Q: 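Before we start, here is the structure in question, set down as structure tokens.
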2 protein chains.
Amino acid sequence: MAVTRKIPTIQDVARHAQVSAATVSRVLSSPERVSETTRKRVEEAVRATGYTINQAARSLRMRSARTLLLAAPDVGNPFYSTIVEAVIGTAGQHGYGVLVASRLGDDPNRWLSDYLNSNRADGLLLFDGSLDTSRLHDLGGAEGLPLVAAYDEPPDPAVHSVLIDNREAARRVVQFLHGLGHRQIGHVSGLSRNQSTNERLLGFETEMRALGLKIVPEWVVPGIYNMESGLGAVRKMVASGHMPTAIFAANDEMAIGVIRGLREAGLSCPGDVSVVGFDDIAVASYYDPAITTMHQPREAIGRIATEALIEIIEGDVSEERPRHVMLKSELVVRDSTRRLG
Amino acid sequence: MAVTRKIPTIQDVARHAQVSAATVSRVLSSPERVSETTRKRVEEAVRATGYTINQAARSLRMRSARTLLLAAPDVGNPFYSTIVEAVIGTAGQHGYGVLVASRLGDDPNRWLSDYLNSNRADGLLLFDGSLDTSRLHDLGGAEGLPLVAAYDEPPDPAVHSVLIDNREAARRVVQFLHGLGHRQIGHVSGLSRNQSTNERLLGFETEMRALGLKIVPEWVVPGIYNMESGLGAVRKMVASGHMPTAIFAANDEMAIGVIRGLREAGLSCPGDVSVVGFDDIAVASYYDPAITTMHQPREAIGRIATEALIEIIEGDVSEERPRHVMLKSELVVRDSTRRLG
DNA sequence: GAAACTCACGCAATCGATTGCATTGAACTC
DNA sequence: GAGTTCAATGCAATCGATTGCGTGAGTTTC
């Protein structure tokens with residue numbers, strides 16, 4: 001049996017400072033309402049007793065936990081982890097803690113709903129567009145539970161969101177490759193349950209058509225956003241007997257897999273095939289070749305989404321008109337692409 | 001002003017089922033103490049009202065939050081993110097949520113202590129050996145706050161820990177390189193505030209001496225565990241005028257930086273210099289060349305540490321005899337190393 | 001048939017912080 | 001100097017779930 005420490009309560013502080021608990025509470029939350037003499041005495045008592053507030057009691061009374069719930073499909077992914085970092089930092093600055101739920105890790109049965117409605121978290125940051133609308137409603141999205149979707153587009157436009165323009169970004173990738181003289185362009189897309197995947201695919205197709213380029217079915221292969229699937233996608237293309245001169249992968253990890261697959265097939269990147277990734281994860285600039293990619297403002301996505309959520313929680317934003325922030329992504333040209341001919 | 005939803009309480013359920021709140025509580029926590037008829041009626045009422053427990057109230061009364069605090073120096077790092085994933089998964093299986101604090105992100109002033117002693121978390125998983133002993137004591141490590149240190153060694157041996165044998169692993173790396181015929185071996189170490197860094201450095205030095213190899217000061221360069229610092233370390237070696245035939249980097253990211261730095265200097269890996277990393281992050285096997293590295297059981301570290309912490313919290317483990325789990329790491333030989341001559 | 005016992009459930013206190021309202025005493029007004 | 005105002009503080013209810021203790025009905029025992 002563990003020895004239970006005696007944790008000082010607000011009553012202990014009150015006794016020590018010879019005031020009531022109410023006064024101690026006021027010193028802590030609205031010091032201007034307490035006389036200077038008393039305030040100093042209480043502050044001293046807080047120090048002397050080593051008092052820290054009991055959040056459980058505060059949450060119960062205040063009906064707020066000062067905690068955000070972050071839900072991402074896969075926290076282990078380097079893309080998300082940067083975002084998580086930004087969320088934790090921003091939340092911390094505002095005095096909020098961050099509970100992290102990862103779909104992969106969590107028991108799907110208790111998934112999100114248990115966390116909410118239970119005063120464990122005041123709002124939800126959803127980095128997973130694959131949750132369907134009815135699910136969002138269950139979670140209270142439409143019933144007033146503060147909710148901000150980020151990075152991946154939610155099916156429900158009534159939800160606040162912080163996104164990048166995936167379709168536009170994908171079009172710019174195709175334009176860039178076209179500008180380098182490429183006419184035979186393939187695409188390794190991601191998980192189709194993610195809206196952002198579909199947007200990137202759509203952007204690819206739209207721009208290919210706009211430029212009068214032929215979309216070759218063998219060159220449009222789905223992946224699952226990891227390196228293995230990028231490798232697998234290239235193997236399929238190789239097996240089909242003919243190769244494009246450029247491949248646009250829907251994220252950097254698949255781009256890495258693609259480059260490795262090319263090498264495996266005796267093809268060089270960018271010599272034989274140019275490759276463009278998406279996200280600009282840390283290793284992209286250090287890979288060999290350094291990968292040309294669509295840089296995403298991951299830190300900004302995490303920060304802005306968190307700030308928006310906190311504003312909503314604290315009542316600064318009307319729920320009526322959903323806020324939609326669209327951030328810009330930027331093409332970073334490195335060594336995995338080259339001018340044709 | 002946001003519309004506040006009416007969240008059903010245990011009283012609402014009680015009214016609906018025409019029993020007392022106490023009975024509802026019992027149905028939820030020890031159903032065997034309630035008669036079958038009543039139990040069914042209450043269960044139906046729970047469903048009908050959509051009741052979910054108010055964790056704040058429960059925590060207050062029970063003095064437990066069913067939440068773990070995970071503290072890592074840098075959640076954005078791909079090494080840690082896998083561990084985080086495992087922790088969340090394991091905790092979830094046991095009904096615990098995970099609050100994540102990242103040193104980089106968090107306001108250093110509120111850092112850890114505020115989270116604890118405040119009934120926000122029942123225990124601490126510390127993935128950061130750089131916190132000094134006095135700090136640990138402040139956090140209650142010795143006063144009964146459930147605490148498990150993992151991955152990085154805590155200065156205080158009275159703390160439960162789940163570690164790998166960094167020194168031994170580093171020695172095995174040197175032995176391996178020696179076995180390939182390398183005699184001139186360099187080391188890029190990590191942040192010296194981390195105990196694991198020092199252990200790896202010590203293991204390197206010990207084995208070098210044991211094998212009668214000369215430790216060249218210009219070839220032992222500190223880094224900060226990122227790719228940039230690996231690159232910087234190689235630049236320093238190059239600037240010194242002579243190069244080792246093999247470099248052991250204290251993590252994979254620095255190994256990547258090292259390889260890139262070699263290329264920049266017109267040297268090839270493994271042709272001119274063999275490189276060994278540490279950790280075996282996902283990209284290690286997909287890098288060009290695929291990196292020889294010390295594989296660490298990251299998932300196991302996260303899982304075992306979490307299980308241990310929960311056992312301690314729930315009183316299954318005596319605090320008296322600290323538990324020290326030492327996991328094995330394994331050398332994975334890939335293409336960044338070659339036999340000399 | 002009464003004592004002893006068991007089972008199912010309700011009552012009410014409790015966890016610790018917050019806050020509307022009441023109280024006190026001092027300062028100020030005419 | 002009596003009345004008014006105001007600042008500072010205390011009192012006590014409240015948030016929602018848990019649990020020790022008590023009660024009443026039903027069952028068993030001799």
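The shown structure was predicted, so the numbers you read here are calculated from the model rather than taken from an experiment. Only heavy atoms go into these numbers, but all of them, side chains included; no hydrogens, no water, no symmetry mates. Convention: sequence-line order gives letters A, B, ...; per-chain numbering from 1.
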Q: Rounded off to whole Å, could you give me the CZ-to-P distance for the R39(A) and dA7(D) pair?
A: 15 Å
Q: With distance as the sole test, does D152(A) use its side chain to make a donor-acceptor pair with the main-chain N or O of D128(A) at under 3.5 Å?
A: no
Q: Can you tell me how far C1' of dG16(C) sits from CD1 of I10(A), to the nearest Å?
A: 8 Å
Q: Between P on dG16(D) and CG on N54(A), what's the gap in Å once rounded to a whole number?
A: 17 Å
Q: In a check of side chain to side chain contact (heavy atoms under 4.5 Å, CB included) between L68(A) and each of I313(A), L124(A), L99(A), which one passes?
A: I313(A)
Q: Say whether, by atom type as modelled, one donor and one acceptor occur between the side chain of N77(A) and the main chain of F79(A) under 3.5 angstrom.
A: yes
Q: At a cut-off of 3.5 Å, list every protein nitrogen or oxygen paired with a nitrogen or oxygen from nucleotides 20-22 of chain C, distance to 0.1 Å.
A:
none

Q: How long is the line joining CD1 of I7(B) and P of dA17(D), in whole Å?
A: 10 Å
Q: Identify the two heavy atoms, one from L327(B) and one from P297(B), that lie closest to each other, and give their separation to 0.1 Å.
A: CB-CG, 4.0 Å
Q: If you only use heavy atoms from C-beta on, which nucleotide in dC15(C), dT18(D), dA8(D) is closest to the side chain of L60(B)?
A: dC15(C)
Q: Within the structure shown, what part of the strands sits under 4.0 Å from V19(A) by heavy-atom distance: base, sugar-phosphate, or nothing?
A: sugar-phosphate
Q: When you match A57(B) and T23(B) each to their closest nucleotide on DNA chain D, which lands nearer the 5' end?
A: A57(B)
Q: Remember a base hit wins even if backbone is also touched, and classify R58(A) as base, sugar-phosphate or nothing at under 4.0 Å, heavy atoms.
A: sugar-phosphate
Q: Does K40(B) pair with E36(B) as a salt bridge, N-O distance under 4.0 Å?
A: yes
Q: Between E44(B) and R47(B), is there a salt bridge with N-O shorter than 4.0 Å?
A: yes
Q: Report which part of the nucleic acid V24(A) touches: base, sugar-phosphate, or nothing (heavy-atom distance under 4.0 Å, all strands).
A: nothing
Q: Examine dT18(D): is either OP1 or OP2 under 4.0 Å from a nitrogen or oxygen in the side chain of S29(B)? Give yes or no.
A: no
Q: Nearest to the side chain of S25(A) - dA17(D), dT19(C), dG16(C)?
A: dT19(C)
Q: Within the structure, does a side-chain N or O atom of Y51(B) lie under 4.0 Å from either OP1 or OP2 of dA17(D)?
A: yes
Q: Aromatic rings Y80(A) and F127(A): how do their planes relate, parallel, tilted or perpendicular, breaks at 30° and 60°?
A: perpendicular
Q: When you check the phosphate oxygens OP1 and OP2 of dG16(D), does a side-chain N or O of T9(B) lie under 4.0 Å from one of them?
A: no
Q: With respect to the side chain of M62(B), which nucleotide from dA8(C), dT18(D), dT19(C) is positioned closest?
A: dT18(D)
Q: Answer yes or no: does a side-chain N or O of R63(A) lie under 4.0 Å from OP1 or OP2 of dG16(D)?
A: yes
